[in-house]
Amino acid sequence: MTSTINGGISFWYADDGIPAPREPLPGDTTADVCIVGGGYTGLWTAYYLKKAVPFLDITVLESRFCGYGASGRNGGWLYNGIAGRDRYARLHGHDAAVRLQQAMNDTVDEVIRTAAEEGIDAGIHRGGVLEVACTPAQLARLKAFHATEVAFGEKDRELYGARETAERVRVAGAVGSGWTPHGARLHPVRLLKGLAGAVEALGVTIHESTPVTEIRPKHAVTPYGTVRAPYVLRCTEGFTASLAGQRRTWLPMNSSMIVTAPLPEEVWERIGWTGRETLGDMAHAYVYAQRTADDRIALGGRGVPYRYGSRTDNDGSTQAATVEALRAVLFRFFPQLTGTEITHAWSGVLGVPRDWCATVTLDRSTGLGWAGGYVGSGVAAANLAARTLRDLVRQDSGQAGPTELTALPWVGHKVRKWEPEPLRWLGVHTLYAAYRRADRRELTHHTADTARIASLANRVSGRH
């Protein structure tokens, strides 16, 4: 058995290759729009802006290479989740939150449509999202979640019992599941590379190996020069804390993944999963998985949830204990895989606002804009955020009026900063210890009641 490759950015890059480097910024320059960050948010924003206003001079600045961050390390879930919807319902009314949810449903279609239009082969398979419950408490949460989603307009959701769940995928101990058609599996890096190529073909300039150290009105400052532009858009998600003055804006939450070797057909006959749905669970420290295009299982979850001082990992390196914890979850879900080779393990960070609400903003007085805080839902949410930034820039520059997207409740949302250290580190680690303890209790205590410690953690964290 070969040893697990740990880090190296992600399995997705090991599978598809590191892209050829693009030139760094050669010195001071100007642009109409400067986008900081070459992940999904930044590239989609450049794509839609350039398509809408072809004469715009757009420059994208990326500190390493496009997709180095979460866009190249995620679980490949293109789905309709949106962080903060329940809070937006409380702040702006139920109908406003329904409009936001519908926009996210439509975004799944938009990404699939655009990838096809641009000839991007990202291994997309629209099998929907299946979330399983493996304890009575998880089942109770699943039923409540299903009712809530229906109330927010998802009339096409389906709720399954144990037998129907096993007909889709045989997760050991699953007592029920919920399915939505608004989801697809994809290869994150192939989507990212295709999008970057499409953006360059439109005439957008991308500079890699160009870390932005400071953003201020009309300026993006780098060690190699400054880009001056009427609009500077921050699209840095989990790496936002590295910018001057932004250390407490969004917390870089760590998420880790493992992937198996390709599994033979006889194994798949025992597992099922012929629909290739993206697969999640209803645990508090939840996991997410996909059946890849080459018949592996890629599975992720929280390892070390947060590094002191908002630090990020080095090229996706992952602690051995985290790899073992994810391996244990995989084998608990699918006992028939026990002993299967884990070929790769890696980590990445996602952006978490203090109130767990994704946001899109353009400050019309300064020309500074930003989008993110997706809390793990960024593969699709980044696309909706980018189209919204496009509309906000066009509205502010007088090229267009308000649109349905600029009226969505996440536009212009403000949230307080995270607590200073060491409170930030202590708080996050205490909360995730509580979630894991709650999950262990629910696995051994067969009651439909959610563990009280998890409910308390949700209130303290601001998740609910």
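Note that the structure is predicted; figures quoted are calculated from it, not measured.
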Glu265 vs Arg270, salt bridge (Lys or Arg N to Asp or Glu O under 4.0 Å): CA-CA, chis, key distance, verdict: CA-CA 9 Å; Glu265 184 58 35; Arg270 297 198 300 271; over 6 Å; no
Please report the C-alpha distance between Thr4 and Asn6 in whole Å, then the side-chain angles of each, then the deciding distance to 0.1 Å, and finally whether the side chain to side chain donor-acceptor pair (under 3.5 Å) criterion is met. CA-CA 6 Å; Thr4 300; Asn6 193 327; over 6 Å; no
Could you walk me through whether Ser255 and Arg73 pass side chain to side chain donor-acceptor pair (under 3.5 Å), step by step? CA-CA 9 Å; Ser255 197; Arg73 309 191 199 188; over 6 Å; no
Checking His207 against Tyr224 for the ring-ring contact (aromatic ring centres under 6.0 Å, His included) test, could you report, in this order, the C-alpha distance in whole Å, the side-chain angles of both residues, the deciding distance, and whether it holds? CA-CA 11 Å; His207 291 297; Tyr224 311 122; 9.9 Å; no
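A salt bridge links Glu200 and Arg22; the closest N-O separation between the charged side-chain nitrogens and carboxylate oxygens is under 4.0 Å. Under a 4.0 Å N-O distance rule, the pair Arg276/Asp295 qualifies as a salt bridge. At a threshold of 4.0 Å, the pair Arg126-Asp109 counts as salt-bridged, since one of the basic side-chain nitrogens sits closer than that to a carboxylate oxygen. Taking the charged nitrogens against the carboxylate oxygens, Glu117 and Arg113 do have a contact shorter than 4.0 Å, which makes a salt bridge. With salt bridges taken as basic N to acidic carboxylate O contacts below 4.0 Å, none links Arg190 and Asp121. Between Arg170 and Glu269, none of the side-chain N atoms (NZ, or NE/NH1/NH2) sits under 4.0 Å from a carboxylate O, so this pair counts as no salt bridge. A salt bridge is defined here as a Lys NZ or Arg NE, NH1 or NH2 lying under 4.0 Å from an Asp or Glu carboxylate O, and Arg64 with Asp315 meets this definition. Here Glu419 pairs with Arg354 in a salt bridge; the nearest charged N to carboxylate O distance falls below 4.0 Å.
Contact check for Thr249 versus Trp418: no side-chain heavy atoms found under the 4.5 Å cut-off. Under the 4.5 Å side-chain criterion, counting only non-hydrogen atoms from C-beta, His344 is not in contact with Met257. Side-chain contact between Trp370 and Val36: absent, with no pair of heavy atoms (C-beta onward) separated by less than 4.5 Å.
Atom CD in Gln290 sits 10.0 Å away from atom CH2 in Trp77 (nearest 0.5 Å). Rounding to the nearest 0.5 Å gives a distance of 13.5 Å between CD1 of Ile206 and CG of Leu25. Here OG of Ser177 is found 7.0 Å from CG of Leu142. Values are rounded to the nearest 0.5 Å. Interatomic distance, OG1 of Thr260 versus CZ of Arg291, reported as 10.5 Å (0.5 Å rounding). Residue Ile258 holds its CD1 atom at 10.0 Å from OG of Ser256, rounded to the nearest 0.5 Å. Once rounded to the nearest 0.5 Å, the distance linking CG of Leu299 with CZ of Phe331 reads 10.5 Å.
Donor-acceptor pairing under 3.5 Å is lacking for the side chains of Arg247 and Thr240. Side-chain N/O atoms of Ser347 and Thr318 include a donor and acceptor closer than 3.5 Å. For the residue pair Asp15/His187, the side-chain donor-acceptor check at 3.5 Å is satisfied. If you check the side chains of Glu110 and Thr114, you find a donor sitting under 3.5 Å from an acceptor. If you check the side chains of Tyr79 and Ser377, you find a donor sitting under 3.5 Å from an acceptor. In this model, a donor atom of one side chain and an acceptor atom of the other lie less than 3.5 Å apart for Glu154 and Thr180.
A search for ring-ring contact (aromatic ring centres under 6.0 Å, His included) contacts involving His182 returns nothing, not counting sequence neighbours. Here Phe65 pairs with Tyr13, Tyr68 under the ring-ring contact (aromatic ring centres under 6.0 Å, His included) rule; sequence neighbours left out.
Relative orientation of the Tyr47 and Trp44 rings is perpendicular, given thresholds of 30° and 60° on the angle between their planes. The aromatic rings of Trp346 and Trp12 lie perpendicular to each other, with more than 60° between the two planes, well past the 30° mark. Note: Phe334 and Trp273 have parallel aromatic rings, judged against thresholds of 30 and 60 degrees for the angle between ring planes.
The shortest non-hydrogen separation linking Phe239 to Ser242 is O-OG, 2.7 Å. Nearest heavy-atom pair across Ile58 and Val204 is O-CG1, 3.6 Å. Here the closest heavy-atom approach between residue Thr45 and residue Cys235 is recorded as OG1-SG, 4.4 Å. Scanning all heavy atoms of the two residues, the minimum distance from Pro223 to Pro211 falls at CD-O, 3.1 Å. Here the closest non-hydrogen pair linking Leu202 and Lys50 is O-CE, 3.1 Å. Residues Asn74 and Pro188 come closest through the heavy atom pair OD1-CG, 3.3 Å.
Evaluation of the ring-ring contact (aromatic ring centres under 6.0 Å, His included) test over residues 112-155, restricted to residues two or more places apart or in two chains, returns His94-Phe152.
A cation-pi arrangement, defined by a distance under 6.0 Å to the six-membered ring centre and an angle within 45 degrees of its axis, is present between Arg168 and Trp179. Figure legend: cation-pi geometry between Arg234 and Trp250, with NZ or CZ positioned under 6.0 Å from the six-membered ring centre and within 45° of its axis.
Side chain of Trp410 to main chain of Cys357: no donor-acceptor pair is present (N/O by atom type, distance under 3.5 Å, no hydrogens or angles). Judged by distance alone, with hydrogens and angles left aside, the side-chain atoms of Glu237 form a donor-acceptor pair with the main-chain N or O of Gly373 at under 3.5 Å. With hydrogens and angles ignored, the 3.5 Å screen pairs no side-chain donor or acceptor of Thr338 with any backbone N or O of Gln336.
Sparse packing is recorded around CD of Glu23, with 12 or fewer heavy atoms of other residues, nucleotides or ligands lying under 6.0 Å away. Applying the 6.0 Å contact sphere to CD of Gln246 captures more than 12 heavy atoms from other residues, nucleotides or ligands.
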